[in-house]
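Below is one structure, written out as structure tokens; the observations come after it.
Values in this document were obtained by computation on a predicted structure and should not be read as measured data. In this chain, numbering begins with 1 at the start of the sequence shown.
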Amino acid sequence: LCMSQFRYLFGSARVPSTTSEGCDEIINSQDSNHIILIRRGQLYYFEALSSDFSISITEREIIKNIKMIIKDAETLSDAEAAASSIGVLTTEERPVWSRVRKRIESLSENNALSLDLIDKALFVLCLDNIDLNGASENAQNILHGTYEINSEGIQIGTCISRWYDKLQLIVSDNGLAGINFEHSAVDGHTVLRYASDTFTDTIVRFAQTISGPIRVNSFIEQKNTPTKHSLPDTLPRKIEFDFDDDIRKSIHFAECKVSDRILRNETRILEFTGYGKQYIVRNSMSPDAFVQIAIMSAYFNLYGEIVNTYESVQTKRFKHGRTEAGRSATAEALAFMKAYNDSTLSEKDIIDKLHVALKRHSHITREAASGHGVDRLLFALKGLYQKRNPSKPLPSFFEDKGWSTLQTTVLSTSNCGNASLRHFGFGPVSNDGFGIGYIIKDDCINLCITSRHRQTDRYVASLLEYFGRIQDMLLVVNPAISSRFLSRSQDSGYSYFYEDIDTENAPPKVGRPLQE
């Protein structure tokens, strides 16, 4: 697979265009050695790598630095913290952020150097001053921060403690952590590799504290002893900008706008523990196709229609490959959804149509991954035509109703995750749509569902009902597989067990069974 995206994972930033009609620029610093930390909207940094890129700071020193930063950030009043939360400007429309950024740079050399320091940092670590327990609430915080207004009307939520132009690691006071990344330079599976390696490294280093060195090396094992001249300055420092009234007003306006956007969106988590990848595969079904049909069926069961659905399909088998659009809404999928709601059909008839729909979906995603999709090609052709013929109208093809429908995605979906992640998600891409990120694990299916208040809870309930009813049908159609693999309880749904299904001739069991 193409590895080109990894160069933009660290030490990179999306910088707004310096012209009103230009494109943003992705910059990458090859000699970056420091990280940015944000607490209550205040920015700090310390160096962590030597000039030879060896790690030159210990975990104890990192903890000490974080404690110093938290202590310093707490000395500000709510009003002072909100008024200086420059990171909230990265949530603005790009032309606005470009204009304000140029204004900030022009005020002083210190401002220009500070912005350059942020752009070239390895990544941003957001130290959120909250302690959330619910899965949905934590997902919302990772996605866009929290909204909280104090008695004086000042924003004190974590939405002011972000820098969206860079890779952000977000950690709450209770230790819950997540990643929010700038999507223009890298895709989800690139960041997933980073999350996986970090997760694995944590396990490896913990194991080494118990049993000593093991064969699997830590990903961040220090291999070089830094020389004196290359030792970095690991002392944390606060980044302080020179602001005028216009910049302070711009920060306030940006915060009000992002607060509006936060309130217009909602996020819900569904952790379905009834079954997962293993059971789906046992029934000769593709796990990804199974979840895709489930997502569309849950919508169909609410509204009685199939809608434009997008699934992100990676094309990294090609040089500089990014993604292609997998279009899940097929005639076969629609035929299954109608059969699912037809009370005259048997369970076998419905499951047979499900198999047909799943095979069709798998074929489409394979074609997209092989470079045979149409969305990216048509988008490129449209862009080239507009660039070469700025004064001419678009070809009639791009004015067609079908093209317009294709550009309005109602169900935007993506499958990205493994054991290192609990959830994965993103916002809706249209006003009347849903954003659905999902992770299919061996024994569960975790979904993060977002919308602009489109009965999200009701959609989650519809999806949950679908998962259960399909299981009921598979119990009838494939009793040998289903009965051996799953058991059903009234309270907790389905759970794994590994007992022989021949209970009639089984020897008697000793002891009193316990109840939940």
Checklist entry - Roughly how far, to the nearest 0.5 Å, is OG of S259 from CD of E148? => result 11.5 Å
Checklist entry - Side chains of Q30 and N28: donor-acceptor distance under 3.5 Å anywhere? => result yes
Item to check | Polar side chain donor-acceptor pair, T323 to R376, under 3.5 angstrom | outcome: yes
Checklist entry - Between the side chains of T234 and E61, does any donor sit under 3.5 Å from an acceptor? => result no
Checklist entry - Going by an N to O cut-off under 4.0 Å, is there a salt bridge joining D128 and R162? => result yes
Item to check | Pairwise side-chain contact, I149 with Y147, heavy-atom cut-off 4.5 Å (strictly under) | outcome: yes
Item to check | Atom of I179, atom of I142 and distance for their closest heavy-atom approach | outcome: O-CG2, 3.7 Å
Checklist entry - Any chance the side chains of K316 and T190 put a donor and an acceptor closer than 3.5 Å? => result yes
Next on the checklist: Please determine whether a side-chain nitrogen of the Lys or Arg among R39 and D173 lies less than 4.0 Å from a carboxylate oxygen of the Asp or Glu.
Outcome noted: yes
Checklist entry - Take atom CZ in F46; do more than 12 heavy atoms of anything else shown fall under 6.0 Å from it? => result yes
Checklist entry - Under a 4.0 Å N-O cut-off, is there an ion pair linking R193 with D187? => result no
Checklist entry - Is L89 close to I251 at the side-chain level, that is, under 4.5 Å between some pair of heavy atoms? => result yes
Checklist entry - Would you find a donor on one side and an acceptor on the other, under 3.5 Å apart, between the side chain of T146 and the backbone of G157? => result no
Checklist entry - Under 3.5 Å, is there a donor-acceptor pair between the E255 and S85 side chains? => result no
Next on the checklist: For a quick check under 3.5 Å, do Y44 and D72 share a side-chain donor-acceptor pair by atom type?
Outcome noted: yes
Item to check | Separation between CD1 of I269 and CG of L447, rounded to the nearest 0.5 Å | outcome: 8.5 Å
Checklist outcome for this item: In short, L132 meets N138 closest at the heavy-atom pair O-ND2, 3.3 Å
Checklist entry - Any chance CZ of R7 has more than 12 other-residue heavy atoms, nucleotides or ligands included, within less than 6.0 Å? => result no
Item to check | Residue pair N265 / L143, side-chain heavy-atom distance below 4.5 Å | outcome: no
Item to check | Euclidean distance, I27 CD1 relative to D116 CG, rounded to 0.5 Å | outcome: 6.5 Å
Checklist outcome for this item: When rounded to the nearest 0.5 Å, the distance separating CD of Q314 from OG1 of T365 is 11.5 Å
Checklist entry - If you measure from CG on N141 to OG on S172, what distance do you get to the nearest 0.5 Å? => result 5.0 Å
Checklist entry - What's the shortest heavy-atom distance between P16 and D165, and which atoms? => result CD-OD2, 4.3 Å
Item to check | Heavy-atom donor-acceptor pair, E47 side chain to N33 backbone, under 3.5 Å | outcome: no
Checklist entry - Considering all heavy atoms of both residues, which atom of H453 and which atom of R264 are nearest to each other, and what is their separation? => result CD2-O, 3.2 Å
Next on the checklist: Looking at every heavy atom in both G321 and Q5, which two are closest together, and how far apart are they?
Outcome noted: O-NE2, 3.5 Å
Checklist entry - Do side-chain atoms of T450 reach the backbone of F426 as a donor and acceptor pair under 3.5 angstrom? => result yes
Checklist entry - Is there a side-chain contact between V258 and H144 (heavy atoms, below 4.5 Å)? => result no
Next on the checklist: Tell me if the CD atom of E74 is crowded by more than 12 foreign heavy atoms within 6.0 Å.
Outcome noted: yes
Next on the checklist: Are L192 and S420 packed together at the side-chain level, in the sense that at least one heavy-atom pair is separated by less than 4.5 angstrom?
Outcome noted: yes
Checklist entry - So which heavy atom on R327 is nearest to which on Y310, and how close? => result NH1-CB, 3.7 Å
Next on the checklist: Under a 3.5 Å threshold, yes or no: a donor from one side chain and an acceptor from the other, between T409 and S430?
Outcome noted: no
Checklist entry - Should K166 and E182 be marked as a side-chain contact (heavy atoms from CB on, under 4.5 Å) after you check the CA-CA gap, both sets of side-chain angles, and the distance that decides it? => result CA-CA 6 Å; K166 294 183 67 66; E182 164 52 44; over 6 Å; no
Checklist entry - Are S184 and D24 close enough that some pair of their side-chain heavy atoms sits under 4.5 Å apart? => result no
Next on the checklist: Are N133 and N174 packed together at the side-chain level, in the sense that at least one heavy-atom pair is separated by less than 4.5 angstrom?
Outcome noted: yes
Checklist entry - To the nearest 0.5 Å, what is the distance between CD1 (I436) and OG (S412)? => result 8.5 Å
Checklist entry - Just checking, is any N or O donor in the side chain of S54 or D52 under 3.5 Å from an acceptor N or O on the other one? => result yes
Item to check | Under 3.5 Å: donor-acceptor pair, side chain of T202, backbone of T198 | outcome: yes
Item to check | Residue list, ring pair (Phe, Tyr, Trp, His ring centres under 6.0 Å) with Y438, at least two apart or on another chain | outcome: none
Next on the checklist: So for atom NZ, which belongs to K67, do other residues, nucleotides or ligands contribute more than 12 heavy atoms lying within a distance under 6.0 Å?
Outcome noted: no
Item to check | Donor-acceptor pair, side chain of H34 and main chain of D233, under 3.5 angstrom | outcome: no
Next on the checklist: Checking T158 against N129 for the side-chain contact (heavy atoms from CB on, under 4.5 Å) test, could you report, in this order, the C-alpha distance in whole Å, the side-chain angles of both residues, the deciding distance, and whether it holds?
Outcome noted: CA-CA 7 Å; T158 62; N129 56 325; 4.1 Å; yes
Item to check | Verdict with reasoning, V410 to Y299, per side-chain contact (heavy atoms from CB on, under 4.5 Å) | outcome: CA-CA 10 Å; V410 178; Y299 189 96; 4.0 Å; yes
Item to check | Any donor-acceptor N/O pair, R268 side chain to Y459 backbone, under 3.5 Å | outcome: no
Next on the checklist: R205 and side-chain contact (heavy atoms from CB on, under 4.5 Å): which single residue from I203, D201, T209 fits?
Outcome noted: D201
Checklist entry - Can you find a side-chain donor-acceptor pair between H423 and E271 that sits under 3.5 Å? => result yes
Checklist entry - Cut-off 3.5 Å, side chains only: do Q42 and S84 have a donor facing an acceptor? => result yes
Checklist entry - Is R458 atom CZ crowded by more than 12 heavy atoms from other residues, nucleotides or ligands, each under 6.0 Å away? => result no
Next on the checklist: Test side-chain contact (heavy atoms from CB on, under 4.5 Å) on E92 and R101; report intermediate values, then the result.
Outcome noted: CA-CA 11 Å; E92 268 283 14; R101 180 181 167 117; over 6 Å; no
Item to check | Ring center gap for F181 and H183 short of 6.0 angstrom | outcome: yes
Checklist entry - What class does the angle between the rings of F290 and F467 fall in, given that below 30° is parallel, 30 to 60° is tilted and above 60° is perpendicular? => result parallel
Checklist entry - Charged N to carboxylate O under 4.0 angstrom, R40 versus D78? => result yes
Checklist entry - Got I86 and I239 here, is their nearest side-chain heavy-atom distance under 4.5 Å? => result no
Next on the checklist: With a 3.5 Å distance limit and no angle check, can you tell me whether N301 reaches the backbone of S297 through a side-chain donor-acceptor pair?
Outcome noted: yes
Next on the checklist: With no hydrogens and no angle check, just 3.5 Å: does a side-chain donor-acceptor pair link N415 and T413?
Outcome noted: no
